[in-house]
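These numbers come from the heavy atoms of this one structure, side chains and all, not from hydrogens, waters or symmetry mates. Here is how names work: the chains are called A, B, and so on, in the same order as the sequence lines, proteins then strands, and each is numbered from 1.
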There are 2 protein chains.
Amino acid sequence: MKVTMKDIAKEAGVSVATVSHVINGTKNITEPKRSKVLEIIEKYHYVPNSTAKNLRTQSTKTAAMVVSSFTDSFVNGMIYGVEQKAREMGYSLLLVNTNEDEKYEKKTINLLYSKMVDGIILSPTSNDIGYLNDFTESMPIVLVNRYNPVVKNAPRVTGDNFRVGYDATTHLIQHGHRNIGVIYAVPNVSTTEGRLNGYRRALKENGIPYDEDHLELGYATVEGGAKAAETLLKKEKDITALFIQNDLMTIGVISKLKELGLEVPEDIALIGFGDSPSAAITAPPITNMVLPPEEIGTKAFESLSKLIDGEAHVENIELPASMVVRKSCGCE
Amino acid sequence: MKVTMKDIAKEAGVSVATVSHVINGTKNITEPKRSKVLEIIEKYHYVPNSTAKNLRTQSTKTAAMVVSSFTDSFVNGMIYGVEQKAREMGYSLLLVNTNEDEKYEKKTINLLYSKMVDGIILSPTSNDIGYLNDFTESMPIVLVNRYNPVVKNAPRVTGDNFRVGYDATTHLIQHGHRNIGVIYAVPNVSTTEGRLNGYRRALKENGIPYDEDHLELGYATVEGGAKAAETLLKKEKDITALFIQNDLMTIGVISKLKELGLEVPEDIALIGFGDSPSAAITAPPITNMVLPPEEIGTKAFESLSKLIDGEAHVENIELPASMVVRKSCGCE
DNA sequence: ATGAAAGCGCTAACAG
DNA sequence: CTGTTAGCGCTTTCAT
């Protein structure tokens with residue numbers, strides 16, 4: 001049988017309250033007793049049962065991070081940031097991957113709601129997250145990366161996706177391109193929408209008509225990117241540049257272009273998203289739009305912990321976009 | 001206030017026992033009562049407090065995965081595999097990153113021991129894990145990737161690291177290299193040791209003397225890899241090939257080589273480890289040794305769940321290595 | 001088939 | 001300063 005606080009108390013000749021107090025430093029316990037208790041604890045390698053403590057205190061000191069995918073470096077960077085901050089602040093982190101499955105996301109939130117965690121950081125599967133309003137009143141939730149303003153009482157930390165789309169497109173236009181295709185990862189999410197808005201704005205400011213046929217879905221995978229590039233280029237012969245919204249897709253696109261005998265950036269220029277270290281040594285090195293995933297993660301956890309501690313109003317945070325210029329866009 | 005089982009019971013006009021039984025299907029409850037209870041539950045969006053359930057049942061249906069780093073694709077792949085399997089089997093997953101900090105690892109295991117989780121999957125920081133024997137008797141633990149046979153009662157799932165080192169070295173030798181440098185990620189872990197043993201064996205079988213100065217530590221980072229390549233090449237002028245044990249380091253090495261004006265594979269041939277998708281589109285495409293991280297993860301969780309369910313003997317698993325040949329080794 | 005009640009291990013009034 | 005005790009919300013015997 002596992003040793004409990006009661007056992008420690010008995011062997012030390014004190015009450016459980018005393019043991020609890022020396023463990024938590026909740027009250028002053030005089031020296032002879034204190035060290036006796038500590039000694040017994042040491043002797044048995046006693047660790048308080050956190051399950052009981054959780055029930056009693058109505059708090060678990062654990063937070064959940066639920067992401068919609070788990071393969072690209074951007075999401076990994078966010079997780080890294082969240083994990084780091086959580087650990088630093090004494091929280092454990094529960095990780096859930098919804099795999100872009102909306103129903104599973106709902107089930108997960110519902111499960112998490114049962115006091116298993118003190119708060120949730122969520123990168124939702126889609127824009128349809130009105131259901132969260134059933135929870136935000138009584139469970140701290142912060143939205144990361146993707147969001148929807150219909151959700152009340154949940155702060156968000158995101159990146160400037162409009163700028164991502166706008167700057168990428170503008171840069172390509174400055175290189176003389178007028179028919180720019182875009183391969184996006186997922187439909188119906190704020191990130192994609194923001195970038196597309198930026199794309200359209202840049203087009204408009206340069207007097208280039210917007211053509212919906214220049215958009216293609218790439219499913220955030222290497223294969224999806226390759227396939228999207230192929231279909232896009234086949235049906236839209238005039239395209240000379242690509243804006244690709246995810247690093248895995250970019251890899252697929254470059255492979256496919258190579259296969260098709262197309263040179264980057266001579267035949268097709270491209271700008272990717274999310275700067276993984278390999279981008280510098282690919283052929284050609286990839287120009288990328290970047291948003292800081294780790295910072296999004298750490299900021300998100302900071303927001304969450306404020307929310308957990310009951311701090312009234314926590315504002316939304318939007319981190320700036322930047323561009324790292326290499327050769328795939330035509331620069332050099 | 002949050003609604004509890006008691007509230008549901010009262011409103012449905014039954015006892016808490018009955019509510020519990022309809023929720024868990026533990027006993028037959030006759031129809032009128034059953035649907036009444038279900039209806040009230042629905043009405044209030046009631047979810048049982050898992051904190052209380054955990055205390056009562058002495059089980060949390062959550063497992064922990066503790067890794068020693070969080071940046072390379074191999075570790076991410078393992079996490080992905082574990083998370084997937086855990087979810088599939090109805091477990092939640094606690095993720096902890098020890099950041100190669102041995103003391104923190106111990107603290108973590110100790111914390112986790114307090115019934116917070118039903119079992120632990122651990123990729124340890126070092127070979128010094130004898131302390132785990134204090135825990136394995138009463139807490140299911142499975143070791144992944146890295147291990148040490150001093151730990152009893154903990155099954156392991158690893159890759160054939162000897163083969164990784166042996167095959168990489170042999171391949172390089174077949175390309176005519178006799179002075180092969182190796183950049184390893186971390187000292188004092190079984191993975192590094194296994195690969196180094198394979199390296200030595202391949203050398204020996206080909207009558208090439210082993211030279212410890214051909215080994216350099218690269219810290220599993222891009223910068224570490226770059227720096228290691230520089231020092232190694234500077235002090236060992238005869239080196240014509242490199243075996244690099246981590247994908248991040250490989251990126252650093254290739255960048256550095258480029259900077260030094262050295263051609264791959266003409267001046268320096270290389271074989272890396274861990275096949276991230278970008279390896280196919282780098283200049284040159286990278287030949288890699290590979291071990292299946294996701295499979296290691298899923299197999300590890302399967303072992304863990306067997307252990308949790310009390311299945312007597314769970315054996316160790318070693319997954320085979322393979323090589324994906326591209327151009328950096330000199331092939332083509 | 002259903003309910004009463006004990007108790008999982010801990011914290012935190014409260015009393016002394 | 002220290003001990004007694006009442007729960008936290010649930011599951012699970014044991015009666016009925």
Asker: Looking at every non-hydrogen atom in both residues, tell me the closest pair between B/Ile23 and B/Tyr46 and how far apart they are.
Answerer: CD1-CE2, 3.7 Å
Asker: Could I get a table of every N or O pair under 3.5 Å where one atom is in the protein and the other is in nucleotides 4-7 of chain D?
Answerer:
{"unit_1": "D/dG7", "atom_1": "N2", "unit_2": "A/Arg56", "atom_2": "NH1", "d": "2.9"}

Asker: Can you tell me which residue among B/Glu102, B/Glu105, B/Lys106 is in a side-chain hydrogen bond (donor to acceptor under 3.5 Å, both in side chains) with B/Thr125?
Answerer: B/Glu105
Asker: Would you classify A/Asn54 as touching base, sugar-phosphate or nothing, given that sugar-phosphate means primed atoms plus P, OP1 and OP2, and contacts are heavy atoms under 4.0 Å?
Answerer: nothing
Asker: C/dC10 phosphate, OP1 or OP2: any side-chain N/O from A/Ser20 under 4.0 angstrom?
Answerer: no
Asker: Assess whether a salt bridge exists between A/Lys43 and A/Glu11, defined as any Lys/Arg side-chain N lying under 4.0 Å from an Asp/Glu carboxylate O.
Answerer: yes
Asker: Over how many whole Å does the gap from B/Asn24 atom CG to D/dT11 atom C1' extend?
Answerer: 8 Å
Asker: Report yes if at least one side-chain N or O of B/Tyr46 is closer than 4.0 Å to OP1 or OP2 of D/dC10; otherwise report no.
Answerer: yes
Asker: With under 30° as parallel and over 60° as perpendicular, where do the rings of A/Tyr113 and A/Phe135 fit, or are they tilted in between?
Answerer: perpendicular
Asker: Using heavy-atom distances to pick each residue's nearest nucleotide on DNA chain D, tell me which of B/Thr57 and A/Ala52 is more 5'.
Answerer: A/Ala52
Asker: If you check the B/Asn28 side chain, which of C/dA1, C/dT11, C/dG9 turns out closest?
Answerer: C/dA1
Asker: Parallel, tilted or perpendicular: which describes the rings of B/Phe301 and B/Tyr91, with under 30° parallel and over 60° perpendicular?
Answerer: perpendicular
Asker: Just checking B/Ile29: base, sugar-phosphate only, or nothing, at a heavy-atom cut-off of under 4.0 Å?
Answerer: sugar-phosphate
Asker: Can you find a side chain N or O atom of B/Gln58 that sits less than 4.0 Å from OP1 or OP2 on C/dG9?
Answerer: yes
Asker: Rounded off to whole Å, could you give me the CD1-to-C1' distance for the B/Ile41 and D/dC10 pair?
Answerer: 13 Å
Asker: Strictly below 4.0 Å, N to O, side chains only: are A/Glu39 and A/Lys33 in salt-bridge contact?
Answerer: no
Asker: For C/dG9 and A/Lys6 - does any side-chain N or O of the residue sit under 4.0 Å from the phosphate oxygens OP1/OP2?
Answerer: no
Asker: Using a 4.0 Å heavy-atom cut-off across all strands, classify A/Lys33 as base, sugar-phosphate, or nothing.
Answerer: sugar-phosphate
Asker: Of the options A/Leu304, A/Leu307, A/Val66, which is the one that meets A/Ile120 in a side-chain contact (heavy atoms from CB on, under 4.5 Å)?
Answerer: A/Val66
Asker: With a 4.0 Å cut-off on heavy atoms, is A/Thr30 in touch with a base, just the backbone sugar-phosphate, or nothing at all?
Answerer: sugar-phosphate
Asker: Round to the nearest Å and state the distance from A/Lys115 atom NZ to D/dC8 atom C1'.
Answerer: 11 Å
